[in-house]
Amino acid sequence: MDKFDEICRKIKKVEIQGAENVAKAAVRALMLRNDARSIKKLISLRPTEPCMRNAIGFVKPDPKKLGPVALKHFTDSDKKIGEYGAKKIDDGMTVFTHCHSSNVMDVLRRAKLDGKRYEVYCTETRPLLQGRKTAKELKRLGIPVTMFVDSGARIALKDSDLFLFGADAITSECKVVNKIGTEMMAEIANKYDTGCYCCTDSWKYDATTVFGNKEPIEIRDPKEVWPGAPAGVKIMNLAFERVDPDLITAIISELGVFPPEVFIQEVRKAYPWLG
Ligand code: RUB
């Protein structure tokens, strides 16, 4: 298996996970092989990833030259998202998060570097348990972390001050697509007046939704949920869901902290080439 195929395998198996990591891996893959078939293959691996599609669109005219520019965009954005988001965290807070988002981690890491003393409640994130990655990273950073099973989210959110989550896609109607469970958790957070912030690079905006295109939601292999399930039991393994903008306090991106509607205007101003 050559390096390009190895990257594809890791994206498909969610060994490389999270929208930004997937986009960066696709940029690196394109620096190895840039033809229509390879691009189609990369995009098909995770259909709910406009960040990957946008990054591919940006680098494909000249991957060797533009690849490093795209990768630098992500590095610079991560720093800004961390800076802006960390200001939302105060000493003594409990921050709730779901799944594993590198942009949420940028915020949590920066708050720790800024000397904030706070703790994190994270979910397990069935079926692939990405919450363990979050918990391990937090442990390594010396941030106290408690993991809840997904169905413990209400109890965890009741005692949290902030809910930080990532994004896989943002539509022109300001809906944020993120790991399944995010909207349910945002509804609970709203019930308890817990601030709901989406931490995201703005290249996750999907401009094609302006023309009515629906953001696809990836449906994964039922075996991830229940290997060996009895025949006849249907399993719906939706990877993501759309979060209504009314539930989102603000979107924290490299462009600043904006309510969802304003965020869309800012992205279109900053990156007209996104469409
Ligand atoms: C990951 C997930 C993350 C977003 C944002 O899902 O839902 O919250 O992708 O991640 P999966 P990031 O594990 O199925 O890829 O902030 O790293 O872009």
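Counting from 1, the numbers follow the sequence of the chain as shown. If you're wondering where the values come from, they're calculated on a predicted model, not measured in any experiment. Counting convention: from 1, in listed order, for ligands and their atoms alike.
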Using modelled atom types and a 3.5 Å cut-off, is there a donor and acceptor pairing between side-chain atoms of [X] and backbone atoms of [Y]?
{"X": "Thr249", "Y": "Cys196", "value": "yes"}
{"X": "Lys175", "Y": "Pro245", "value": "no"}
{"X": "Lys223", "Y": "Gly228", "value": "no"}
{"X": "Glu49", "Y": "Ala23", "value": "no"}

Between [X] and ligand 1, does any nitrogen or oxygen pair lie at a separation below 3.5 Å?
{"X": "Glu20", "answer": "yes"}
{"X": "Cys199", "answer": "no"}
{"X": "Lys179", "answer": "yes"}
{"X": "Val104", "answer": "no"}
{"X": "Asp168", "answer": "yes"}

Hey, what's the ring geometry for Phe165 with Phe163, parallel, tilted or perpendicular (30° and 60° as the breaks)?
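Phe165 and Phe163: tilted rings.
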
Below a 4.0 angstrom heavy-atom separation, can you tell me which part of Ala167, side chain or backbone, both or neither, approaches ligand 1?
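Looking at Ala167 and ligand 1, just backbone atoms fall under 4.0 Å.
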
With heavy atoms only and a cut-off of under 4.0 Å, state how Cys99 meets ligand 1: side chain, backbone, both or neither.
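Contact part for Cys99 vs ligand 1: side chain (C-beta onward).
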
Should you measure from each heavy atom of [X], which atoms of ligand 1 turn up under 4.0 Å away?
{"X": "Gln130", "answer": "11 (P), 13 (O), 14 (O)"}
{"X": "Phe240", "answer": "6 (O), 7 (O), 14 (O)"}
{"X": "Asn178", "answer": "2 (C), 3 (C), 4 (C), 7 (O), 8 (O)"}
{"X": "Asn103", "answer": "16 (O)"}

Give me the residue, atom name and distance of the protein heavy atom closest to [atom].
{"atom": "atom 13 (O) of ligand 1", "value": "Gln17 NE2, 2.6 Å"}
{"atom": "atom 15 (O) of ligand 1", "value": "Gly18 N, 2.9 Å"}
{"atom": "atom 16 (O) of ligand 1", "value": "Ser101 OG, 2.7 Å"}

Determine, using heavy atoms of [X] and all atoms of ligand 1, whether some pair is separated by less than 4.0 Å.
{"X": "His100", "result": "yes"}
{"X": "Arg46", "result": "yes"}
{"X": "Glu49", "result": "no"}
{"X": "Phe165", "result": "no"}
{"X": "Ala239", "result": "no"}

Check this for me, if you would: do [X] and [Y] make a salt bridge, where the nitrogen-to-carboxylate-oxygen distance has to be below 4.0 angstrom?
{"X": "Glu266", "Y": "Lys269", "answer": "yes"}
{"X": "Lys179", "Y": "Glu218", "answer": "no"}
{"X": "Lys80", "Y": "Asp76", "answer": "no"}
{"X": "Arg9", "Y": "Asp5", "answer": "no"}
{"X": "Glu83", "Y": "Lys79", "answer": "yes"}
{"X": "Lys191", "Y": "Glu187", "answer": "no"}

Are side-chain N/O atoms of Asp201 and His73 paired as donor and acceptor at under 3.5 Å?
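Side chains of Asp201 and His73: pair found under 3.5 Å.
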
